[in-house]
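Order of appearance sets the numbers: ligands from 1, and atoms from 1 within every ligand. Because only heavy atoms are used, hydrogens play no part in the values below, and waters and symmetry mates are left out as well, while side chains stay in.
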Amino acid sequence: MSSSSAMAAPAETALDVLRRIFGYDRFRGQQADIIDTVVRGNNALVLMPTGGGKSLCYQVPALLRPGTALVVSPLIALMRDQVEALTHNGVRAAVLNSSLDAATRRATEQALENGELDLVYVAPERLLREPMLRLLDRCQLSLIAIDEAHCVSQWGHDFRPEYLKLGLLAERFPGVPRIALTATADERTRMEIRDRLLADGGETFIASFDRPNIRYRVGLKNNARQQLLAFIKAEHAGNAGIVYCFSRKRAEDTAAWLTQQGLKALPYHAGLDDSLRQYHQDRFIKEDGVIICATIAFGMGIDKPDVRFVAHLDLPKSIEAYYQETGRAGRDGLPADAWMVYGLSDIMQIRQLLAQSQADDRQQRLERERLESLLAYCEHAGCRRPALLNYFDEDHPGECGYCDNCQQPPDTWDATEAARKALSCVYRTGQRFGAGHVVDVLMGKTSERIANFGHDRQSTFGIGKDLDKREWHSVIRQLLALGHLQPDPEGHGGLQLGPDCTPLLKGEISLQLRRDPTPARKARRSASAIDGAALPGWQRLREWRLMTAQEENVPPYVIFHDATLAAILDARPETLAQLAQVSGVGQHKLEKYGEAVLTVLAEIEAESETDSS
Ligand code: ADP
Ligand code: ZN
């Protein structure tokens, strides 16, 4: 603990600290207001999406106010990451949790008591023990930050009983401003946080939950694995990503298959033993370009900023789950992809599960609503952002220009007649046949199976020759998504009429459906992507970063983020002073890595000159 204090000099402003310590030029969104509130000694509730920049909201005040900032966080890996990142910026930060050996713990406690720490991260259960509280009584606290504040909510998925007791911090440490932070958006959680953690008042800051750097895409499944491979190869070669799968087996199989195809892919799910799971997670964090094939168990508490894509090979559980899972992409603010494929069989499967649910009525209704919103999102023909954000009660004007529907607006067509034909064919054939058979009847295909059932003598036989097979499947999928059709409750894969299809069947209402794109269309690279990989020297600089990270045993992004590497290559600094201007290069990192970076840049320069001569 001998390093000199990163504590701001008396006259330093928040902006000075941002520039000197973190190397950034300006605050994002409401950061400046939030920081100002806390620096003035007031409480704040901060709701910001993942990647929005919550950490700086307490880290900067921690350096501006006298004393040590106490940061409560439930996630050990996240605390360690943050402390590593802070230490690399020359900030005196430490963690107190169960992972420490006794000697380190005592040394850290001593440093805390001596006022030698700018920030200390503590898990809630440790914090609430009396010896810890008494130690803190003897310290000067600059502020208390409560991260992942939604853990106080009993309704959410991450409820932690210890969080309820954090309310006592108000009485125990009067006059110390508290800042509660979360990426969970809904109103109920927000109220609970306020009631339980900030009952004595405070300002609320709600950021937009839009993630402008994420491109949302939902495609149709035809061969999911091949589609995934083509997507990764065309757009994310060498990038880190997460592939979410429905089951453990699918996660395993997908990882094995991607590995066969020459990619670095690893499975992650609750069925793996702890050490292997941990090993895979470590590789994901510490190596470049690892792809994790995971069930939903993966992601919570992983702070990796340079995940370039999140892919869904199966439908997520809800829009909320989709938002959280896709939100793990692009925390660093650089372009990232949320990519999903789904198809008719996914809807059948998920509607089936719902039909067989043993839950009580209220729960079933909630589950159904959740599913309807998700399917409506998938089939949505307009900009994805309003469709996604409306779910969190946020308005978005649409036309973002950075989602599939904005970039390739889908055609819609009047499918009223086609829908009526499909529904009546399902009805006439007895509501027990699957999509394949129904389409064969509609198209007037002669086969033994059709003859055996006498379906070739029915009025709906051959009434749908105007559409091809793919188009009929598209109609049926969308009718399923809209609930005009439903799977048979026994789970044999048969189709039945949905409860509200009568007006449509009778021709009392009309129906617009989206026209599916023809599968051959190639995915385009986004023009707006800042593409580090395309910059000359990218590989060399990344190699240097990886080597340095390995020497220090930290993840590469602790040395510099991708965004910073790209900015360095773009700026091509030749002096330390020029390098200092690059976003993400603070004073401490300049001193530590500046010379090495300039050397690598000079080598890159020399190589490119030899190449071109
Ligand atoms: P959150 O905790 O809200 O998910 P972080 O605090 O981890 O987000 O910040 C996300 C990323 O954005 C980090 O890489 C961080 O360094 C970067 N960042 C935050 N604020 C700024 C800023 N004002 N300028 C540039 N980068 C920033
Ligand atoms: Zn859009």
Side-chain angles (χ1 to χ4, degrees), residues 14-15 17-19 21-35 46-60 71 73 75 78-79 81-82 84-86 88-89 91 145 147-150 179-185 205 207-218 299-307 324 327-334 336 338 377 380-389 396-410 526 528 555-567 582-586 589:
L15 194 58
V17 169
L18 181 77
R19 291 183 174 155
I21 305 291
F22 298 93
Y24 296 134
D25 285 342
R26 58 187 73 87
F27 286 112
R28 271 190 199 157
Q30 295 165 297
Q31 279 176 335
D33 290 342
I34 298 165
I35 289 167
V46 174
L47 300 111
M48 229 186 239
T50 306
K54 283 185 286 299
S55 327
L56 286 183
C57 296
Y58 56 84
Q59 289 170 351
V60 172
V71 185
S73 168
L75 305 162
L78 221 123
M79 291 195 251
D81 274 12
Q82 290 242 353
E84 258 164 13
L86 283 167
H88 274 74
N89 280 324
V91 177
D147 208 0
E148 314 290 343
H150 59 277
I179 171 171
L181 311 102
T182 178
T184 304
F205 298 88
S208 165
F209 273 70
D210 186 23
R211 301 284 310 277
N213 61 317
I214 297 184
R215 177 164 45 154
Y216 297 97
R217 284 191 269 178
V218 183
M300 169 79 178
I302 288 172
D303 212 358
K304 189 174 167 64
D306 53 357
V307 177
Q324 293 297 340
R328 289 169 189 141
R331 291 181 69 136
D332 54 9
L334 291 181
Y377 171 79
H380 189 61
C383 178
R384 299 274 174 205
R385 281 175 217 277
L388 195 55
L389 294 169
H396 186 285
E399 297 185 36
C400 73
Y402 201 54
C403 70
D404 52 356
N405 288 341
C406 282
Q407 295 186 328
Q408 292 182 332
S526 141
S528 63
Y557 54 77
V558 167
I559 310 294
F560 284 120
H561 282 184
D562 280 358
T564 308
L565 289 194
V582 175
S583 176
V585 183
K589 285 188 181 171

When the ring planes of Y24 and F22 are compared, do they come out parallel, tilted or perpendicular, using 30° and 60° as the limits? parallel

Using side-chain heavy atoms (C-beta onward) and a distance below 4.5 Å, is [X] in contact with [Y]?
X	Y	result
R384	V218	yes
Y216	N405	no
K589	H88	yes
Y557	D81	yes
F27	D33	no
R328	T50	no

So, does P49 sit close enough to ligand 1 that a heavy atom of it is under 4.0 Å from the ligand? yes

Please confirm whether G52 comes under 4.0 Å of ligand 1, counting heavy atoms of the residue only.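 Contact present.
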
Give me the residue, atom name and distance of the protein heavy atom closest to atom 9 (O) of ligand 1. G53 CA, 3.5 Å

Give the residue, atom name and distance (to 0.1 Å) of the protein heavy atom nearest atom 5 (P) of ligand 1.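 Heavy-atom neighbour on the protein nearest atom 5 (P) of ligand 1: S55 OG, 3.6 Å.
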
In this structure, the Zn ion (ligand 2) sits at the vertex of an angle between SG of C403 and SG of C406 that rounds to 10° as 100°

What do you get for the angle at the Zn ion (ligand 2) between SG on C400 and SG on C383, to the nearest 10 degrees?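 Between SG of C400 and SG of C383, the angle at the Zn ion (ligand 2) is about 100°.
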
Among [options], which one puts a heavy atom closest to [atom]?
atom	options	value
atom 4 (O) of ligand 1	K54, R28, R331	R331
atom 20 (N) of ligand 1	E148, R26, Q31	Q31
atom 25 (C) of ligand 1	F22, Y557, Y24	Y24

Proximity of F27 to ligand 1 by residue part, where a heavy atom lies under 4.0 Å: backbone

Which of the atoms of ligand 1 are close to [X], meaning less than 4.0 Å from one of its heavy atoms?
X	answer
H561	13 (C), 14 (O), 16 (O)
G51	1 (P), 3 (O), 4 (O), 8 (O), 10 (C)
L56	19 (C), 20 (N), 21 (C)

If you look at every heavy atom in M48 and K54, which pair is closest and at what distance? O-NZ, 3.1 Å

For the residue pair Q31 and C57, what are the closest heavy atoms and their distance? CG-SG, 4.0 Å

